[in-house]
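In what follows, a single structure is set out as structure tokens and then discussed.
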Amino acid sequence: MFAKIYRPSRTAMQSGQAKSRNWILEFEPSMAKRPDPLMGWNSTADTAAQVRLKFDDKEQAVAYAKKYGIPYRVTEKADMVRKPKTYASNFSADRKEPWSH
């Protein structure tokens, strides 16, 4: 049972950072999924793949994995840096890009 600890990225439908601040601990699948002969859906007998734990910070997730002896891998992503600008900067005289019209 191997776990990965990561912060999820935002979805394509999001412009903000909602649901991407928590750290997730989820287990790697130990067996491959196979199609069910009756319905054709993908299925597996691995129930650990359904477990997904949320933590407020990385240290809590790592402490949980260490406490229960779960081997883990931490994946960190770079934080997005926003450059604050105002609407008035669109009309600035020293604008770097030319107008499109």
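Bear in mind the structure is a predicted one, so any value in this text is a computation, not a measurement.
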Completion exercise
Grouping ILVMFWY residues whenever side-chain heavy atoms fall under 4.5 Å, the cluster of Y6 otherwise contains I24
Practice task
Kindly give the cluster partners of F2, where membership spreads through any ILVMFWY side chain lying under 4.5 Å from a current member.
Solution key: none
Problem - Side-chain cluster (under 4.5 Å, hydrophobic types only) that L38 belongs to, other residues - result: M39, W41
Practice task
Could you tell me which residues satisfy side-chain hydrogen bond (donor to acceptor under 3.5 Å, both in side chains) with Q60, sequence neighbours excluded, listed by chain and number?
Solution key: none
Exercise for the section: Write down the atom of P35, the atom of G40, and the distance for their closest heavy-atom approach. Expected result: CB-O, 4.2 Å
Fill in the blank from the handout: So ring pair (Phe, Tyr, Trp, His ring centres under 6.0 Å) across residues 48-84, not counting sequence neighbours, yields F55-Y64, Y64-Y68
Problem - Listed once per pair and sorted, the ring pair (Phe, Tyr, Trp, His ring centres under 6.0 Å) pairs that draw on residues 7-40, sequence neighbours left out - result: none
Handout entry: Rounded distance (nearest 0.5 Å) linking atom OG of S30 with atom CE of M1
Key = 9.5 Å
Practice task
With sequence neighbours excluded, tell me which residues meet salt bridge (charged side-chain N to carboxylate O under 4.0 Å, His left out) with K58.
Solution key: E76
Exercise for the section: Nearest 0.5 Å please: distance from the CG atom of N22 over to the CG atom of D57. Expected result: 9.5 Å
Handout entry: Derivation of the side chain to side chain contact (heavy atoms under 4.5 Å, CB included) call for I5 and T75
Key = CA-CA 6 Å; I5 299 171; T75 306; over 6 Å; no
Practice task
Please collect all salt bridge (charged side-chain N to carboxylate O under 4.0 Å, His left out) contacts where either partner lies in residues 33-55, sequence neighbours excluded, each pair once.
Solution key: E26-R52
Fill in the blank from the handout: Applying salt bridge (charged side-chain N to carboxylate O under 4.0 Å, His left out) to R21 and not counting sequence neighbours gives none
Handout entry: More than 12 heavy atoms of other groups within 6.0 Å of K85 NZ
Key = no
Completion exercise
Applying side-chain hydrogen bond (donor to acceptor under 3.5 Å, both in side chains) to S9 and not counting sequence neighbours gives none
